[in-house]
Participant: 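Okay, here's the structure, questions in a sec.
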2 protein chains.
Amino acid sequence: MREARHPEVDEITLTGVMAALSDPIRVGIVRVLADGRERGWGELRVPVAKSTLSHHLRVLRDAGLTRTRQEGTRCYVTLRREDVQARFPGLLEAVLAAAEEDDVGHQVTVQPGPQRA
Amino acid sequence: MREARHPEVDEITLTGVMAALSDPIRVGIVRVLADGRERGWGELRVPVAKSTLSHHLRVLRDAGLTRTRQEGTRCYVTLRREDVQARFPGLLEAVLAAAEEDDVGHQVTVQPGPQRA
DNA sequence: TTCGATGTTCTACGAACGTCGAACAATGAT
DNA sequence: ATCATTGTTCGACGTTCGTAGAACATCGAA
């Protein structure tokens with residue numbers, strides 16, 4: 001596992017963000033992260049294979065929506081809310097509100113276990 | 001050419017809108033329509049084949065973003081701004097602002113000719 | 001009626017996507 | 001050193017997408 005690359009704020013593209021958020025599962029992941037808390041990989045409860053989850057997290061990271069931090073063999077992910085807000089003001093808020101309204105990505109939850117970093 | 005189907009306001013989905021707006025050309029079309037004026041098919045200047053343009057307009061229509069009206073052999077398209085706003089408040093505004101910022105979809109323009117309905 | 005103009009639909013094709021299982025790499029634990 | 005845990009990467013598979021050309025349908029004009 002080599003260091004993951006994160007795009008700079010000004011490298012974030014609109015179509016990249018839109019494409020990343022056109023999948024219900026990825027929207028669900030973003031919703032779970034919307035409270036600002038950092039979540040552990042294993043804390044995420046997503047009804048897909050782990051390779052698929054890895055793929056989705058990569059898409060979100062490449063789009064500039066999330067940041068992944070590694071600590072030993074585990075990794076933790078956070079939402080880049082301020083960065084996205086700085087790049088595209090109001091966009092993420094609107095998407096989150098819309099997703100909440102329709103419960104998009106409800107398949108994604110977090111394990112309420114004591115998994116603090 | 002049979003009557004095109006338009007989704008009701010509550011049939012518009014978030015992922016559908018996001019997917020529709022993840023293509024630069026479609027974003028460009030939406031930007032061109034953002035002034036609220038109805039535009040004729042032939043008025044749109046898009047650097048793709050007409051079958052491709054037809055496809056893009058269909059995607060936008062199916063997503064509930066635009067409305068197509070037929071008049072004889074010609075058709076006219078408008079942005080369903082209020083409908084989208086009612087369904088997902090602030091979303092379209094944020095996308096349009098973001099698109100303006102980056103000039104996404106700049107390939108799409110309108111023929112400034114006298115083509116009034 | 002015969003043309004021409006206007007869009008849609010069909011078919012095709014390469015690229016990208018979502019998904020999975022298996023193999024792999026990196027780290028921590030024993 | 002050996003093993004288990006954690007997550008990434010690598011094919012593979014079927015689906016969807018963006019694109020174009022050709023054929024078609026519809027309507028207005030000559």
Side-chain angles (χ1 to χ4, degrees), chain A residues 1-6 13 15-29 38-63 66-78 104-105 107-108 111 113 115-117, chain B residues 1-6 13 15-30 38-63 66-78 104-105 107-108 111 113 115 117:
Chain A
M1 310 178 198
R2 62 173 170 286
E3 262 310 308
R5 185 183 133 63
H6 295 77
T13 69
T15 52
V17 169
M18 300 300 282
L21 296 181
S22 65
D23 182 280
I25 290 199
R26 287 193 292 262
V27 172
I29 295 174
E38 182 176 63
R39 298 293 182 174
W41 210 101
E43 212 174 344
L44 298 174
R45 284 294 169 271
V46 187
V48 294
K50 64 175 183 173
S51 56
T52 304
L53 175 55
S54 184
H55 164 67
H56 284 311
L57 288 175
R58 186 196 211 293
V59 172
L60 288 173
R61 172 161 39 79
D62 287 351
T66 60
R67 187 179 304 279
T68 295
R69 178 175 68 85
Q70 284 193 235
E71 189 170 343
T73 172
R74 308 204 172 160
C75 40
Y76 300 89
V77 56
T78 53
V104 178
Q107 309 94 352
V108 180
Q111 169 78 354
Q115 208 120 347
R116 198 71 67 256
Chain B
M1 311 180 199
R2 62 176 171 285
E3 263 309 310
R5 186 184 131 63
H6 294 78
T13 68
T15 52
V17 170
M18 300 299 283
L21 296 181
S22 65
D23 183 279
I25 290 199
R26 288 195 291 263
V27 172
I29 295 175
V30 168
E38 182 176 62
R39 297 294 181 175
W41 210 101
E43 212 173 342
L44 298 174
R45 286 294 170 271
V46 187
V48 295
K50 63 176 183 173
S51 57
T52 302
L53 174 56
S54 185
H55 163 69
H56 283 310
L57 288 174
R58 186 195 209 290
V59 172
L60 287 173
R61 172 161 40 77
D62 288 351
T66 60
R67 188 179 303 281
T68 296
R69 178 175 67 87
Q70 284 194 234
E71 190 170 341
T73 172
R74 310 207 172 158
C75 40
Y76 301 87
V77 57
T78 54
V104 179
Q107 310 92 352
V108 180
Q111 169 78 355
Q115 208 120 344

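Protein chains get the first letters and strands the later ones, always in sequence-line order, with residue 1 at the start of each.
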Participant: In this structure, how many angstroms lie between the C1' atom of C:dG18 and the CG atom of A:L53, rounded?
Facilitator: 13 Å
Participant: Is B:H56 touching bases, backbone alone, or none of the nucleic acid, heavy atoms closer than 4.0 Å?
Facilitator: sugar-phosphate
Participant: Give a yes/no answer on whether the side chain of A:R74 brings an N or O atom under 4.0 Å of OP1 or OP2 in C:dG28.
Facilitator: no
Participant: Please report the distance, rounded to the nearest Å, between CD in B:E43 and P in C:dG7.
Facilitator: 10 Å
Participant: When you measure from the side-chain N and O atoms of A:T73 to the phosphate of D:dT5, is any distance below 4.0 Å, counting only OP1 and OP2?
Facilitator: no
Participant: Whether A:W41 contacts D:dT5 is assessed here as follows: a side-chain N or O lying under 4.0 Å from the phosphate OP1 or OP2. Is that the case?
Facilitator: no
Participant: Rounded to the nearest Å, what distance is computed from the NZ atom of residue A:K50 to the P atom of nucleotide D:dT5?
Facilitator: 11 Å
Participant: How about B:V46 and B:T52: do any of their side-chain heavy atoms sit closer than 4.5 Å?
Facilitator: no
Participant: Nearest whole Å is fine: how far is D:dG21 P from B:H55 NE2?
Facilitator: 16 Å
Participant: The test is side-chain contact (heavy atoms from CB on, under 4.5 Å); show your working for B:V104 and A:T15 and say whether it passes.
Facilitator: CA-CA 8 Å; B:V104 179; A:T15 52; 4.1 Å; yes
Participant: In whole Å, I'd like the distance from the CZ atom of B:R61 to the C1' atom of C:dT8.
Facilitator: 9 Å
Participant: List the steps, then state whether side-chain contact (heavy atoms from CB on, under 4.5 Å) holds for B:V30 with B:R26.
Facilitator: CA-CA 6 Å; B:V30 168; B:R26 288 195 291 263; 5.7 Å; no
Participant: A:L21 CG to C:dG18 P: how many Å, rounded?
Facilitator: 12 Å
Participant: D:dG18, OP1 or OP2 - any side-chain N/O from B:T52 closer than 4.0 Å?
Facilitator: no
Participant: Could you check how far CZ of A:R58 sits from P of D:dT6, rounded to whole Å?
Facilitator: 22 Å
Participant: Go through the N and O atoms of the side chain of B:S51 and the base of D:dG21, and report whether any donor-acceptor pair is under 3.5 Å.
Facilitator: yes
Participant: Rounded to the nearest Å, what distance is computed from the CD atom of residue A:E71 to the C1' atom of nucleotide C:dA26?
Facilitator: 15 Å
